[in-house]
There are 2 protein chains.
Amino acid sequence: MHIWHPTRDQISLANVLAVLGDPTRLAIVAYLARNDGNALACGTFNPLGSKTKISYHLAKMREAGITHTEVSGTNRLITLRRDDLEARFPGLLDSILAAAGDLPPLDAGTSPAEDTAIEG
Amino acid sequence: MHIWHPTRDQISLANVLAVLGDPTRLAIVAYLARNDGNALACGTFNPLGSKTKISYHLAKMREAGITHTEVSGTNRLITLRRDDLEARFPGLLDSILAAAGDLPPLDAGTSPAEDTAIEG
DNA sequence: TCCTTAGTTCAAAATTACTTGAACTTTTGA
DNA sequence: TCAAAAGTTCAAGTAATTTTGAACTAAGGA
């Protein structure tokens, strides 16, 4: 199961900005960062919308080079491409995450990493 | 002759990213940064497209809080809102400008319609 | 095997963004 | 006063994006 990802140098600044300039996707990236190191399944983001919607937005993020998607059974495990983004656009992701830090949490009630994270 | 601008705390991260996620506007902001301190008239950006098009994009940038527009005679003088952006989203603009730094200059042999020349 | 879980894909609808040209305002200069 | 310069605004068209629901695949468990 090979899923296409752009190589590091195929990642474009305008596209990364456009993709993160959407509230749903900004929430996804902020949540991924909060759970850094842990791969999250798509279902983690269910509070943000329907399965179809999340699938659409995660595909956009993958195609922009922001996330990496790995197939594992029936799950897709999503991680942030921190190293690639840092190499391509130094400081960019960190400043976005810092600014996005005061966004409301994904699921107000459960603690972030406990239930949904899949340890790597 | 007061033109509306958002206050500092009205500037939203998602909107700033969305507005800068457009090749024309990214080129405008890069050019403004290169001429830091100098206010530029809209006509400066003519190589990027028609008057109407530039007016549209500059309005988007102003409404997002990225630029400041001051009326001076028949001109509108455009400046970057560096301090406000830095206060609101520390490091964000600098990292974007650094990444956009290798964009081709406005007038270096590129024809007006060539948006493809503008990439991260 | 059958059923459930996890997620994708497709097509249509709804929404939003971008571009264009014509008409307009305001200011400046002759 | 008349005309040009600098931009804006409006209306229309085109294009891109987002959302939805139904149908689908693939893996796992009883």
Side-chain angles (χ1 to χ4, degrees), chain A residues 1-5 12 14-29 32 38-64 66-79 115-118, chain B residues 1-5 12 14-29 32 38-64 66-79 106 111-116 118:
Chain A
M1 273 303 167
H2 45 77
I3 300 180
W4 182 84
H5 290 80
S12 106
N15 196 227
V16 165
L17 296 178
V19 164
L20 292 183
D22 172 278
T24 300
R25 295 188 291 247
L26 201 48
I28 290 174
V29 96
L32 280 169
N38 298 320
L40 300 180
C42 305
T44 309
F45 307 107
N46 283 345
L48 293 174
S50 65
K51 265 198 322 184
T52 316
K53 183 177 169 182
I54 297 302
S55 182
Y56 167 76
H57 285 296
L58 286 175
K60 283 250 155 183
M61 296 177 72
R62 174 176 50 78
E63 287 158 13
I66 297 167
T67 54
H68 182 265
T69 300
E70 192 191 346
V71 176
S72 167
T74 59
N75 294 297
R76 294 341 179 238
L77 300 183
I78 317 292
T79 48
D115 299 328
T116 51
I118 296 162
Chain B
M1 285 302 168
H2 50 77
I3 302 181
W4 181 84
H5 290 79
S12 104
N15 196 226
V16 165
L17 296 177
V19 163
L20 292 183
D22 173 279
T24 301
R25 296 189 291 249
L26 200 49
I28 290 174
V29 95
L32 280 169
N38 299 320
L40 299 180
C42 305
T44 309
F45 307 106
N46 282 347
L48 293 175
S50 65
K51 266 199 319 184
T52 316
K53 182 178 168 181
I54 298 302
S55 183
Y56 167 77
H57 286 296
L58 286 175
K60 283 248 157 185
M61 296 177 72
R62 174 175 50 77
E63 288 159 13
I66 297 166
T67 54
H68 182 264
T69 301
E70 192 191 345
V71 175
S72 167
T74 59
N75 295 299
R76 303 315 186 257
L77 300 181
I78 317 292
T79 48
L106 261 193
S111 66
E114 284 197 354
D115 280 349
T116 52
I118 298 145

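Keep in mind that this is a model prediction, so the values were computed, not measured. Convention: sequence-line order gives letters A, B, ...; per-chain numbering from 1.
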(Q) Please report the distance, rounded to the nearest Å, between CD1 in B/I78 and C1' in D/dT8. (A) 12 Å
Q. Which heavy atom in B/L48 sits nearest to a heavy atom in B/T24, and how many Å separate them?
A. CD1-O, 4.0 Å
**Q.** Side-chain donor or acceptor of B/N46 paired with backbone N/O of B/G43 under 3.5 Å
**A.** yes
Q: Give the minimum heavy-atom separation between A/L17 and B/L26, together with the two atoms involved.
A: CD1-CD1, 4.1 Å
Q. What pair of heavy atoms forms the shortest contact from B/I78 to B/L32, and how long is it?
A. O-CD2, 3.6 Å
Q. To the nearest angstrom, how far is B/L77 atom CG from D/dG7 atom C1'?
A. 12 Å
Q) Under 4.0 Å: is that the gap between some side-chain N or O of B/K51 and OP1 or OP2 of D/dG7? A) no
**Q.** Under the 3.5 Å Watson-Crick or G-U criterion, the dot-bracket string of DNA chain D, with | for inter-strand pairs
**A.** ||||||||||||||||||||||||||||||
Q. Is the phosphate of D/dG7, meaning OP1 or OP2, less than 4.0 Å from a side-chain N or O of B/N75?
A. yes
Q. Nearest-Å distance, CG (B/D22) to C1' (C/dA17)?
A. 9 Å
N/O to N/O distances under 3.5 Å, protein versus nucleotides 10-15 of chain C:
none

**Q.** Those residues of residues 54-61 of chain A lying under 4.0 Å from DNA chain C by at least one heavy atom
**A.** A/S55
Q) Do the side-chain N or O atoms of B/R76 get closer than 4.0 angstrom to the phosphate oxygens (OP1, OP2) of C/dT26? A) no
Q | Nearest-0.5 Å distance, CG of residue B/N38 to CG of residue B/L77 | A | 10.5 Å
Q. If you pin A/T74 and A/K53 to their nearest nucleotides in DNA chain D, which one's is more 5'?
A. A/K53
Considering only distance and modelled atom types, tabulate donor-acceptor pairs under 3.5 Å from the side chains of residues 55-62 of chain A, sequence neighbours left out.
unit_1: A/H57; atom_1: ND1; unit_2: A/R25; atom_2: NH1; d: 3.1
unit_1: A/R62; atom_1: NH1; unit_2: A/W4; atom_2: O; d: 2.8

Q: Sequence neighbours left out, what passes side chain to side chain contact (heavy atoms under 4.5 Å, CB included) with A/T52? Give chain and number order.
A: A/S50
Q: Kindly give the heavy-atom pair with the smallest separation between A/V19 and A/A64, and that separation in Å.
A: CG2-CB, 3.7 Å
(Q) Could you tell me how far apart B/L17 (CG) and D/dT17 (C1') are, to the nearest whole angstrom? (A) 17 Å
Q | d(CG, B/N46; C1', D/dA5) in whole Å | A | 12 Å
**Q.** Heavy-atom closest contact (B/A41 atom, B/T44 atom, distance)
**A.** O-OG1, 2.7 Å
Q) Which heavy atom in A/R76 sits nearest to a heavy atom in A/T69, and how many Å separate them? A) CB-CG2, 3.7 Å
**Q.** Pairwise 5' ranking along DNA chain C for B/S50 and B/S72, keeping only the more 5' one
**A.** B/S50
Q. Quick one: side chain to side chain contact (heavy atoms under 4.5 Å, CB included) partners of A/A18, sequence neighbours excluded?
A. none
Q: Would you kindly give the CZ-to-C1' distance between B/R62 and D/dT9, to the nearest whole Å?
A: 12 Å
